[in-house]
Amino acid sequence: MFEYAWLGLVGALLTYTLWFAGIGLLPVTSTALLGLLSPLMAAALGSLIAGEALAPIQILGFAISLVAMLAGQLPAPRSPRAARRSMRAYAAELTDGSR
């Protein structure tokens, strides 16, 4: 009986509370990509802890997935027009003396 209480309180209530509190502090893009880490972590832990072997194609897929997730964290490129507008606004701000 104690085991079920432990699993319910610590394994579910506490972990989900911490999870949702943590992702509430992150940007949307970061949290969307966090769900994709679950199968990668399962494969990595299976390999490290349980001694499961990964085939070279699986390792390649693992690496591609990690690179894709890291690329998803990069800021979106700004268009040259938007960059010029922000430069003009910054220059106007400097000439106004409001800074």
Side-chain angles (χ1 to χ4, degrees):
M1 182 67 180
F2 175 73
E3 296 84 9
Y4 290 120
W6 176 260
L7 285 175
L9 293 175
V10 176
L13 179 65
L14 180 63
T15 55
Y16 279 107
T17 302
L18 291 173
W19 171 260
F20 286 111
I23 65 171
L25 301 173
L26 297 172
V28 173
T29 306
S30 299
T31 57
L33 295 174
L34 281 176
L36 301 175
L37 279 175
S38 182
L40 294 178
M41 289 305 300
L45 290 174
S47 180
L48 293 172
I49 295 173
E52 296 175 358
L54 294 175
I57 192 76
Q58 291 172 313
I59 295 171
L60 177 64
F62 195 93
I64 291 171
S65 299
L66 283 178
V67 169
M69 279 186 261
L70 289 174
Q73 300 298 317
L74 298 174
R78 294 177 48 172
S79 69
R81 181 177 289 165
R84 282 193 300 270
R85 274 194 305 247
S86 64
M87 291 282 285
R88 280 191 217 120
Y90 182 68
E93 197 176 296
L94 288 177
T95 57
D96 288 345
S98 59
R99 266 190 96 146

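We number each residue from 1, following the sequence as shown.
Distance CD1/Ile64 to CD1/Ile57: 7.5 Å, rounded to 0.5 Å.
Here the side chains of Leu40 and Leu66 are in contact, with some heavy-atom distance below 4.5 Å.
Ser47 contributes no side-chain N or O that, together with a main-chain N or O of Ala43, makes up a donor-acceptor pair within less than 3.5 Å.
Leu36 is connected to Trp19 through a chain of hydrophobic side-chain contacts under 4.5 Å among Ile, Leu, Val, Met, Phe, Trp and Tyr, so both are in one cluster.
The side-chain contact (heavy atoms from CB on, under 4.5 Å) check on Phe20 picks up Tyr16, Ile23, with sequence neighbours excluded.
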